[in-house]
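Please read the structure below before turning to the comments.
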2 protein chains.
Amino acid sequence: MASSIHDLARHLNISIGTVSRALNGRADVNADTRQRVLEAARTLNYSPNQSGRSLRQGATHSIAFMMQPHPGDQQYGEPFFIPLLIGLQARLAESGLDLIVVMGAPGDYQQERLRRVVETRRADAVVLAWTRREDERIDYLTQVGFPFATLGRSRSGTKSYPSLDLDFEKAGADAVDRLVARGHRRIAAIRPSLDLNFGYLFLAGYRKALRRHGIEVDPELIASGFINEAAGYEVTPQVMRSKNPPTAIIFNNDAMALGGCKALAEMGIRPGHDMAVTVIVDTPLCRYFSPALTAFRPALEPMGQRLAEMLLASLPAFAGPDGPRIMREVWPLELVARDSD
Amino acid sequence: MASSIHDLARHLNISIGTVSRALNGRADVNADTRQRVLEAARTLNYSPNQSGRSLRQGATHSIAFMMQPHPGDQQYGEPFFIPLLIGLQARLAESGLDLIVVMGAPGDYQQERLRRVVETRRADAVVLAWTRREDERIDYLTQVGFPFATLGRSRSGTKSYPSLDLDFEKAGADAVDRLVARGHRRIAAIRPSLDLNFGYLFLAGYRKALRRHGIEVDPELIASGFINEAAGYEVTPQVMRSKNPPTAIIFNNDAMALGGCKALAEMGIRPGHDMAVTVIVDTPLCRYFSPALTAFRPALEPMGQRLAEMLLASLPAFAGPDGPRIMREVWPLELVARDSD
DNA sequence: TGTGTTCTCGTAAACGTTTACGGAAAAACG
DNA sequence: CGTTTTTCCGTAAACGTTTACGAGAACACA
């Protein structure tokens, strides 16, 4: 069924070396024979065996994106990831690379799967998301010298890898600024537990802004949980039980906001009327919820493309003439004012 | 960095053949030498090169799951897929197989990517989701003889492949039954456009049940659009403009329901009060929406496991002693009654 | 002792590529 | 016409595995 380079060679009565060179666009092959090879490849429905190429070249021509639920999370925060993956895939395809996403089992935080990908050389590089403050994946990859890029920053590693992040700190601060400008002084923050880095950044911005406005940071108004609806639902009542309850809540995540709004509804509190609600990362849910949720929107698809570009620029095989470069960027989140605050 | 089987052989002063046999648990190797090989593999941090194995064996030891947005859809219906992927991955891992998810660009409906996966032999089999009524992917795969399984049925192909589906027809009928029992007779259905098979099945069940109750099927109460929030938002007003508007709406999808409820809210119509709302495929959104949406829940993770099992059973290399079997199953959706109807 | 069996291992080929090397033919140049 | 350069292609090795085959040693049995 599958035709190999040998079939082409036999069919054309030339050597496999020539066939390979013709296919790979090498210069030292007659224009005429190249034509014939290309044509034969088409009629014989040839396409190169990846294992063969990889083995010989020591490169798989594919990039792995690690995807995995957090413990307690069944959902991966995927509405967030899909457009990102589309952007990644588009840019990688331009360079002849495949994007594969590898799933981990919930709970082990990717270490085992990551080792597997690296050790069996299934990909030439990996893209990490949901970076943590201290990230063992980053430590591991830098230690074994495997190329990677991250979506999100981390304190781990030697910063010698490309990274693209969103400015959660500024978004947290902006959210507070906006709420203060609208008269709020009791502002709660609901963020992910675990040491997901964007949670830290968000909270740092939140704190900084509060202080700038001369508002004391009240620990009772800060709560955390897994990044899902259930956690938002459970955790929101905590801040409401404060001696001096909030008049505004900032959620770090749309799923938590959904759960939180449910809890509020059951307490007879209407977002947009009795409570200002802001969420940091915008998704379609925020837009179509009633009331529509004010949120901060990332440019996910362009980010995916850019991240791919940054990763490629760091790889010797794909870097431009000036050699590999390590780039690190932080992109803004854009406020989308809607009806919930 | 990466140690090969040759390194082990040199280190132990034995031949690579013996090393390979020891590693692969073959019988014709001394228990003692096997021990030494295993130990050396550990200390030298050996793990087999996938390209090498694949090339020799003609098998990649990985299964591809095709994932891709529909035209007009940025979202993939992922909340639906993730638990399924978790189940798939878990079962495949038991048999030493990796699950890779391959992304397509939006719009081309996977054909190009699928060809690429098949022709470059990146996976030993593929899992297809979102099957269509007439599915060119199925035709293609059967034609070239590439193993696959589907989530969902289709009219394409010779039915000679494993498939696992949900009983959308029964769910559609059950939804109608329930609404009729609660006094509704004007029941709208909002389903996906395109020829996604589950949309057909749902509508068939819906129609059948209506007729069974002696209720005429009113085309004005049936609308369709892409599987996303925007489409639900746009399309719901259409059925409301009917001369004789519905008192209940069944949405085939949670995202469409979200958009639809938004549209209803803007018309001052409250789900659960002024309008009964049912959705066919349950997700966390349904549960945490206000009001919580009555929905039909699939057992996604077990389905993933089962689908993996069915796929494996169909592959000669993994089938049991009785040889490969083609299994086709249809699983029920379980009603979760909540507050919206 | 002779014959057959079992255990264990080495040898070498094969999977499908890419690519360094060299050589023959053609072209260019004087 | 002789020499050098260029163009084009074939040869063969290599990437890291797995595995068919065969052989030597040990053992069993008569």
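All values below were derived from every heavy atom in this structure, side-chain atoms included, with hydrogens, water molecules and symmetry-related copies excluded. Quick note on labels: first sequence line is chain A, next is B, and so on, each numbered from 1.
When atom types are taken as modelled, the side chain of A:Asn197 and the backbone of A:Arg153 share a donor-acceptor pair closer than 3.5 angstrom. Between the side chain of B:Ser163 and the backbone N or O of B:Arg328 there is no donor-acceptor pair closer than 3.5 Å.
Take the nearest nucleotide of DNA chain D for A:Gly52 and for A:Arg34: the residue whose nucleotide is more 5' is A:Arg34.
You'll find that the side chain of A:Arg53 is closest to C:dT17, out of C:dT17, C:dT11, D:dT11. Looking at the side chain of B:Leu55, the nearest of the listed nucleotides C:dT11, D:dG16, C:dT18 is D:dG16. Of the candidate nucleotides D:dT17, D:dC9, D:dA14, D:dT17 has the atom lying nearest to any side-chain atom of B:Ile5. Considering only side-chain atoms of A:Arg56, the nucleotide from D:dT18, C:dC9, D:dA13 that sits closest is D:dA13.
Counting any heavy atom pair closer than 4.0 Å across all strands shown, B:Arg26 reaches sugar-phosphate atoms only and no base atom. Residue-level contact check: A:Asn30 touches the backbone only, with heavy atoms under 4.0 Å from sugar-phosphate atoms and none from bases. Within the 4.0 angstrom heavy-atom criterion, only backbone atoms of the sugar-phosphate kind lie near A:Ile14; the bases stay farther away. At the heavy-atom level, B:Ser4 lies under 4.0 Å from the strands shown only through sugar-phosphate atoms. Heavy atoms of B:Gly17 sit under 4.0 angstrom from at least one base atom. Counting any heavy atom pair closer than 4.0 Å across all strands shown, A:Thr33 reaches sugar-phosphate atoms only and no base atom.
Distances shown here put a side-chain N or O of B:Thr18 below 4.0 Å from the OP1 or OP2 atom of C:dG10. Residue B:Ser20 places at least one side-chain N or O closer than 4.0 Å to OP1 or OP2 of D:dT18. Applying the 4.0 Å criterion to OP1 and OP2 of D:dT11, one finds that A:Ser15 has every side-chain N and O outside that range.
Judged by distance alone, with hydrogens and angles left aside, B:Arg21 brings a side-chain donor or acceptor within reach of the base of C:dG10, the pair sitting under 3.5 Å.
Between the CD atom of A:Gln50 and the C1' atom of C:dC15 there is a distance of 15 Å, given to the nearest Å. Taking atom CG of residue A:Asp28 and atom P of nucleotide D:dT5, one finds them 19 Å apart after rounding to whole Å. B:Leu12 places its CG atom 16 Å from the C1' atom of C:dT8, with the value rounded to the nearest Å. Per the geometry, NE2 belonging to B:His6 stands 8 Å off P belonging to D:dT17, to the nearest Å. Look at CG on A:Asp32: it is 16 Å from P on D:dT7, rounded to the nearest Å. Look at CD1 on A:Ile16: it is 9 Å from C1' on C:dT18, rounded to the nearest Å. Computed from coordinates, the B:Gln57 CD to D:dA20 P distance equals 11 Å when rounded to whole Å. The nearest whole Å value for the distance from the NE2 atom in A:His61 to the P atom in C:dG16 is 17 Å.
Atom OG1 of B:Thr142 and atom CZ of B:Arg137 lie 12.5 Å apart (nearest 0.5 Å). For the atom pair A:Leu128 CG and A:Asp135 CG, the distance stands at 6.0 Å (nearest 0.5 Å).
The closest side-chain donor-acceptor pair between A:Ser54 and A:Ser51, if any, does not fall under 3.5 angstrom.
Under a cutoff of 6.0 Å and an axis angle of 45°, A:Arg121 and A:Phe146 do not form a cation-pi pair.
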